[in-house]
Amino acid sequence: MAAAPQSVDNPLRYRFCGMDFASPIVLLSGCVGFGEEYTRIEGFSNRDAGGVVLKGTTGKPRLGNPPHRVYETPAGMLNAIGLQNPGVDYVVRKILPTLDFSETRFIANVSGSTFEEYEEVTRRFDQSPIDAIEINISCPNVKEGGVAFGNYPETSAKVVEICRRVTQKPLITKLSPNQTDIRENARRCIEAGTDGLSVINTIMGMAIDVKTRRPVIGNVQGGLSGPAIKPIALLKVHQVYQVAKAHGIPIIGQGGITTVDDAIEFMIAGASAVGIGTSLFYDPMVCKKINAGIAEYLRANGMSTVTELVGTLQVG
Ligand SMILES: Cc1cc2nc3c(=O)[nH]c(=O)nc-3n(C[C@H](O)[C@H](O)[C@H](O)COP(=O)(O)O)c2cc1C
């Protein structure tokens, strides 16, 4: 299901994976709680985003990792939250009914330690009002020694296949950059039935306290996000687009997007939507600026929809 133009009056409105998006911006998992956190900030509105991805959700509640869980680095941050969440049953019964589905498209983020857990959580969300399901394949596979499902095309595709069997809702697979060939992984996930791809999740890193000679992050390693990873993320989007465009599979490009030009770069590289995560921590009003900037860029370049901009990279 490719993104297709929907309206000429609002150049930012279009269809993504069969959903009506009011803007190409998607608020990223783990950066906006369960869709309610930023709505407490004056001037912020979920309506400024085409979609909002909820915090990673597992079968059972999880308390997450020991502190420290976040650490600011030059031009970015490390996080190892450890998927703290109240469990899928609570999310479906208690949180989803509190969300205003007229504001935006709400997307669940499914996480798991086993294939069976991915299946269980996806099935539960399938029977809920959620608009779409994003599969986070960066979780460690406990049955196979803790290596992330998303690091290998084989296990990534198996997770997608299992989730695809239990839901008709739009399925978006979030690819890990911590692997050899992201193109092969994307191809396998598409063949397994994903409707969209999120590119990329965080890049593993660490920080050391030289006084104590201990890792700063309680989990030793954490995921690096923010402007520091933008050039890497942009290349990964460019690479995945080479595979995805032939199948009409849209991409949510993400990793360090902070400015209007960042967002436009990702769209030129092939992203149909642009994810905003860490930059919200610096500037909760960043969405309004990026929406206005994209609309202005389209006007200045004689384009009437965002889809005209997607994948327009000139090489050679
Ligand atoms: C504090 C924090 C928590 C996150 N939690 C999740 C999560 O639960 N599931 C997931 O798929 N990605 C999670 N992510 C990754 C983001 O959704 C996003 O893919 C990544 O941070 C890159 O985008 P950014 O540089 O704009 O933040 C988290 C990121 C941060 C910073």
Side-chain angles (χ1 to χ4, degrees), residues 19 21-58 61-65 67-72 76-111 121 124-125 128-136 138-139 172 174 198 201-202 217-219 222-227 252 254-258 263 273-291:
M19 294 178 279
F21 266 26
S23 150
I25 292 178
V26 172
L27 304 185
L28 297 176
S29 182
C31 302
V32 286
F34 282 93
E36 80 305 353
E37 247 172 38
Y38 275 78
T39 57
R40 298 177 201 135
I41 298 172
E42 198 181 335
F44 177 93
S45 172
N46 280 334
R47 293 180 193 276
D48 291 330
V52 173
V53 189
L54 309 184
K55 174 66 187 162
T57 302
T58 50
R62 283 176 62 104
L63 289 174
N65 288 331
H68 295 299
R69 294 170 165 202
V70 293
Y71 179 69
E72 192 166 350
M77 67 179 275
L78 285 168
N79 94 80
I81 307 296
L83 290 171
Q84 180 184 350
N85 79 96
V88 67
D89 185 57
Y90 186 91
V91 174
V92 170
R93 281 192 307 107
K94 300 284 188 192
I95 297 180
L96 297 191
T98 67
L99 299 178
D100 179 355
F101 280 78
S102 74
E103 286 179 344
T104 187
R105 304 280 70 82
F106 287 106
I107 303 169
N109 181 272
V110 170
S111 303
V121 179
R124 193 77 173 85
F125 276 122
S128 82
I130 204 78
D131 292 301
I133 296 170
E134 181 180 69
I135 325 172
N136 172 15
S138 297
C139 309
I172 300 160
K174 187 162 181 176
S198 277
N201 210 321
T202 53
I217 294 283
N219 185 50
L224 183 65
S225 64
I252 306 175
Q254 58 199 271
I257 297 175
T258 307
V274 285
I276 308 286
T278 303
S279 70
L280 279 171
F281 302 152
Y282 302 95
D283 179 7
M285 300 304 153
V286 68
C287 298
K288 288 190 197 306
K289 293 172 198 164
I290 291 182
N291 277 333

Q: Under a 3.5 Å distance rule, please check whether Thr57 uses its side chain to pair with a backbone N or O of Val88 as donor and acceptor.
A: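 Pair absent, no side-chain N/O of Thr57 close to backbone of Val88.
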Q: Is any side-chain heavy atom of Gln254 less than 4.5 Å from a side-chain heavy atom of Ser198?
A: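 Yes, their side chains come closer than 4.5 Å.
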Q: Is it true that a side-chain atom of Asn65 and a backbone atom of Ala80 form a donor plus acceptor pair closer than 3.5 Å?
A: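 Such a contact is found between Asn65 side chain and Ala80 backbone.
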Q: Do Ile95 and Pro86 touch side chain to side chain, with heavy atoms closer than 4.5 Å?
A: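 The answer is yes, as the side chains (C-beta and beyond) meet within the 4.5 Å cut-off.
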Q: So, Glu36 versus Thr98: side-chain donor-acceptor pair below 3.5 Å or not?
A: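 The criterion, which ignores hydrogens and geometry beyond distance, is not satisfied for Thr98 and Glu36.
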Q: Taking the side chain as everything from C-beta on, heavy atoms only, tell me whether Ile81 gets closer than 4.5 Å to Lys55.
A: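 In short, these two side chains touch, coming nearer than 4.5 Å.
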Q: So do Leu224 and Thr202 actually touch side chain to side chain, heavy atoms under 4.5 Å?
A: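 Thr202 does not reach Leu224 side chain to side chain.
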Q: Can you measure from OG (Ser111) to CG (Leu83) and round to the nearest 0.5 angstrom?
A: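 Here the rounded value is 4.5 Å.
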Q: Within a strict 4.5 Å, meaning less than it, do heavy atoms of the Ser102 and Arg47 side chains meet?
A: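 Answer yes - side chains close enough.
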Q: Please round to the nearest 0.5 Å and tell me the distance separating atom CD1 of Ile25 and atom CD1 of Ile290.
A: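 Here the interatomic distance stands at 5.0 Å.
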Q: Which distance, rounded to the nearest 0.5 Å, do you find between the CZ of Phe21 and the OG1 of Thr104?
A: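 Answer for the CZ-OG1 pair, Phe21 versus Thr104, is 7.0 Å.
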Q: My understanding is that only residues two or more places apart in sequence, or in another chain, count here; which of them pass ring pair (Phe, Tyr, Trp, His ring centres under 6.0 Å) with Tyr90?
A: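 In terms of ring pair (Phe, Tyr, Trp, His ring centres under 6.0 Å), with neighbours along the sequence ignored, Tyr90 is linked to no residue.
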Q: Is there a donor-acceptor pair closer than 3.5 Å between any side-chain N or O of Arg69 and the backbone N or O of Asn219?
A: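 Such a contact is absent between Arg69 side chain and Asn219 backbone.
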Q: Enter the distance from Met285:CE to Asp48:CG here, rounded to the nearest 0.5 Å.
A: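 CG of Asp48 is found 9.0 Å from CE of Met285.
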Q: Check whether Asp131 reaches the backbone of Phe106 with its side chain - one donor and one acceptor, N or O, closer than 3.5 Å.
A: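 A pair under 3.5 Å: yes.
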Q: Side chains of Leu27 and Asn46: does their closest heavy-atom pair fall under 4.5 Å?
A: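 Side chain of Leu27 against side chain of Asn46, heavy atoms only: contact under 4.5 Å found.
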Q: Between Val92 and Pro97, what is the shortest heavy-atom contact and its length?
A: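 For Val92 and Pro97, the tightest heavy-atom pair comes out as O-CD, 3.5 Å.
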Q: I'd like to check Tyr282 versus Thr258 (side-chain heavy atoms, cut-off strictly below 4.5 Å). Are they in contact?
A: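 Tyr282 vs Thr258: side chains apart.
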Q: Taking all non-hydrogen atoms of both residues, which atom of Ser23 and which atom of Asn291 are closest, and how far apart?
A: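 Reported closest heavy-atom pair: OG-OD1, 2.7 Å.
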Q: Can you name the residues that form a ring pair (Phe, Tyr, Trp, His ring centres under 6.0 Å) with Phe34, not counting sequence neighbours?
A: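 For Phe34, no residue satisfies ring pair (Phe, Tyr, Trp, His ring centres under 6.0 Å) once neighbours in sequence are set aside.
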Q: Would you please say whether a donor-acceptor pair under 3.5 Å links the side chains of Asn85 and Thr58?
A: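 Judged by distance alone, the side chains do pair up.
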Q: Checking Lys288 side chain against Gly43 main chain: does a donor-acceptor pair fall under 3.5 Å?
A: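 Indeed, once roles are kept as given, a pair shorter than 3.5 Å links the two residues.
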Q: Return the minimal non-hydrogen interatomic distance between Ile257 and Ala263, and the atom names on each side.
A: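 Closest pair (atom of Ile257, atom of Ala263, distance): CG2-N, 3.9 Å.
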Q: Apply ring pair (Phe, Tyr, Trp, His ring centres under 6.0 Å) to Phe44 and list each qualifying residue two or more places apart in sequence or on a separate chain.
A: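 For Phe44, the residues satisfying ring pair (Phe, Tyr, Trp, His ring centres under 6.0 Å) (neighbours in sequence not counted) are Tyr38.
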Q: Of the non-hydrogen atoms in Gly277 and Cys31, which two are nearest, and what is the gap between them?
A: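 Closest pair (atom of Gly277, atom of Cys31, distance): CA-SG, 3.6 Å.
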Q: To the nearest 0.5 angstrom, please state how far the CD1 atom of Ile130 sits from the CD1 atom of Ile107.
A: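 That separation rounds to 8.0 Å.
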Q: Working note: Val26 + Arg105, criterion side chain to side chain contact (heavy atoms under 4.5 Å, CB included); need CA distance, chi angles, decisive distance, verdict.
A: CA-CA 9 Å; Val26 172; Arg105 304 280 70 82; over 6 Å; no
Q: Minimum heavy-atom separation for Asn109 to Ser29, with atom names?
A: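 What the structure gives for the nearest pair is CG-OG, 3.3 Å.
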Q: Side-chain donor-acceptor pair under 3.5 Å between Asn201 and Asn136, yes or no?
A: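 Asn201 vs Asn136: donor-acceptor pair found between side chains.
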Q: Quick one: closest heavy-atom pair of Leu54 and Gly35, and the distance?
A: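 So the minimum-distance heavy-atom pair works out to CD2-N, 3.9 Å.
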Q: I need the Leu63 CG to Gln84 CD distance, nearest 0.5 Å.
A: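 If we round to the nearest 0.5 Å, Leu63:CG and Gln84:CD are 7.0 Å apart.
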Q: Does the side chain of Thr39 come within less than 4.5 Å of Asp100's, by heavy atoms?
A: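 A side-chain contact under 4.5 Å is absent here.
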